[in-house]
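Heads up: the structure comes next, in structure tokens.
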Amino acid sequence: MPEGHTLHRLARQQTALFAGRPVRVSSPQGRFAAGAELLDGRVLDRSTAYGKHLFGAFGGDVVHVHLGLYGTFTTGTGVPPDPKGALRMRWEGDGPDGAGVWTDLRGATACEVLTRPEVTAILDRLGPDPLRRGADGGRAYRRIAKSRTPVGALLMDQSVLAGVGNVYRAELLFRHRVSPFRPGHALAEDEWARMWADLVVLMRAGVKLGRIVTTVPADRERRRGPAALADAHYVYRRTGLPCRVCGTEVRTEEMVGRNLYWCPVCQAV
DNA sequence: TAGAAATGTTTAG
DNA sequence: TAAACCTTTCTAT
């Protein structure tokens, strides 16, 4: 479930549960064995997210995790379950109140120990992240405005904008009635300003809720409960279903190797 | 049991 | 532009 909101949520959770105390780090699967050995028993300073990257700082050594398409963390309290499947990295700690806490990582594209300069190198190639305080949406616009590439592709480019993935891309374009095929240079500056502001709101709600909901304000969605699950999106994964606004069938097509969803009428240009 | 799909990125050609 | 890779889960045979 990893777009930027997932990583920011994890960063907060890990900091709250593990930071300031020693963490037992292991790699039952073995693929992170060397890293686990280096970090085991050391104190976590804090976990931080930038875009879709998660960094756990243990002094000068930083665990860098990128979940890729299907990486997940599972977290719980008490005694951790017997390791099964490909359990890449496990953290066990004492928790803020002394009760046991643990978190398990599986399926990640990246799980490695980096030095501070290596972390900086990753951050240097990321565009602004709507979930970080002080992020400058204008920096993204400067890239968009001088490009002939379709906005649908630009929004997925992490060096333009960090943290947006396939769901936020589809939903943001629909909410602003922008065709994914429109060239970047044809996006007006005030149009982008509204899209950026909207992203900040949507992604913050995503962090709070733990999932992406773009059809209903987050507070209302929470009251509606699980019933709202079915209509959390306008177009994402709704191929062939009627557009929630105009009734036209939602279309899908591949763009830069990913499935793109849009309403050909609401997002005509 | 096999196959496909999934909220992603990197590398090879 | 295509393929590789990381793993789980759900569907079809």
Side-chain angles (χ1 to χ4, degrees), chain A residues 1-11 27-33 35-36 49-55 63-75 81-90 103-112 114 118-119 121-127 129-131 149-150 152-175 180 199 202-215 218 229-240 250 252-262:
Chain A
M1 334 177 159
E3 291 193 26
H5 70 297
T6 304
L7 285 302
H8 282 263
R9 186 178 169 90
L10 285 166
S27 178
Q29 172 214 38
R31 277 191 54 186
F32 184 61
Y50 290 82
K52 299 171 189 167
H53 299 261
L54 181 67
F55 300 98
V63 198
H64 168 232
V65 172
H66 194 295
L67 295 177
L69 202 47
Y70 28 70
T72 54
F73 274 100
T74 312
T75 302
D82 286 339
K84 55 172 180 279
L87 178 47
R88 184 87 56 88
M89 175 173 75
R90 168 172 278 179
T103 191
D104 286 353
L105 172 68
R106 346 173 86 86
T109 292
C111 175
E112 57 192 351
L114 301 181
E118 290 172 317
V119 171
I122 290 174
L123 301 186
D124 283 347
R125 46 183 171 76
L126 296 179
D129 175 351
L131 286 173
T149 305
L154 290 168
L155 293 181
M156 297 282 278
D157 182 338
Q158 301 298 297
S159 70
V160 172
L161 193 61
V164 167
N166 208 14
V167 183
Y168 281 122
R169 156 177 80 169
E171 297 296 297
L172 184 72
L173 290 170
F174 179 87
R175 285 168 62 93
L199 259 187
L202 290 174
M203 293 182 74
R204 281 186 184 161
V207 174
K208 201 168 274 187
L209 285 169
R211 66 193 189 92
I212 301 177
V213 175
T214 58
T215 47
L229 248 169
D231 59 349
H233 310 134
Y234 283 108
V235 289
Y236 176 70
R237 294 252 266 168
R238 296 195 67 245
T239 313
V250 172
T252 190
E253 186 175 299
E254 213 167 84
M255 180 184 273
V256 212
R258 312 297 306 285
N259 287 322
L260 172 71
Y261 306 86
W262 83 103

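In the text below, chain A, chain B and the rest are named by the order of the sequence lines, each starting its count at 1. Basis for what follows: all heavy atoms, side chains included, without hydrogens, waters or symmetry-related copies. Since this is a predicted model, take the numbers as computed values, not measurements.
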So, OP1 or OP2 of [N]: does either fall under 4.0 Å of a side-chain N or O from [X]?
X	N	answer
A:Y168	B:dT7	no
A:K52	B:dT7	no
A:R258	B:dT7	yes
A:R125	B:dT10	yes

[N] [atom2] sits how many Å from [X] [atom1], rounded?
X	N	atom1	atom2	result
A:E254	B:dG8	CD	C1'	14 Å
A:L126	B:dT9	CG	P	9 Å
A:I122	B:dT9	CD1	C1'	12 Å
A:N166	B:dA6	CG	C1'	10 Å
A:L260	B:dA6	CG	P	13 Å
A:F73	C:dT7	CZ	P	14 Å
A:R88	C:dT8	CZ	P	10 Å
A:R169	B:dT7	CZ	C1'	11 Å

Give A:E171 one of three labels, base, sugar-phosphate or nothing, depending on what nucleic acid heavy atoms sit under 4.0 Å from its own.
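Nothing: the residue A:E171, judged by heavy atoms under 4.0 Å, touches no strand.
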
Please work out if A:R237 contacts a base, only the sugar-phosphate, or nothing of the nucleic acid, heavy-atom cut-off 4.0 Å.
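Sugar-phosphate, backbone atoms only, no base.
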
Side-chain touch A:L69/A:T109, heavy atoms, less than 4.5 angstrom
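Side-chain contact under 4.5 Å: no.
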
Check: A:R169 and A:R258 side chains under 4.5 Å, non-hydrogen atoms:
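Result yes, sub-4.5 Å side-chain heavy-atom pair found.
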
Counting side-chain heavy atoms from C-beta on, which of [options] comes nearest to [X]?
X	options	answer
A:H5	B:dT7, B:dG8, C:dT7	B:dT7
A:Y261	B:dA6, B:dT10, B:dG8	B:dA6
A:V167	B:dG8, B:dA6, B:dT7	B:dT7

Can you tell me how far [atom1] in [N] sits from the matching atom in [M], rounded to whole Å?
N	M	atom1	answer
B:dT10	C:dT8	P	22 Å
C:dC5	B:dG13	P	13 Å
C:dA4	B:dA4	P	15 Å

Inspect the surroundings of CG in A:D82 and state if more than 12 heavy atoms from other residues, nucleotides or ligands are less than 6.0 Å away.
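Not buried by this count: 12 neighbours or fewer within 6.0 Å.
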
A:H233/A:Y261 aromatic ring centres below 6.0 Å:
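Between A:Y261 and A:H233, which both carry aromatic rings, the centre distance is not below 6.0 Å.
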
Of A:H53, A:E112, A:R88, A:M89, which is the lone residue that meets side chain to side chain contact (heavy atoms under 4.5 Å, CB included) with A:V65?
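Exactly one option meets the side chain to side chain contact (heavy atoms under 4.5 Å, CB included) with A:V65, and it is A:M89.
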
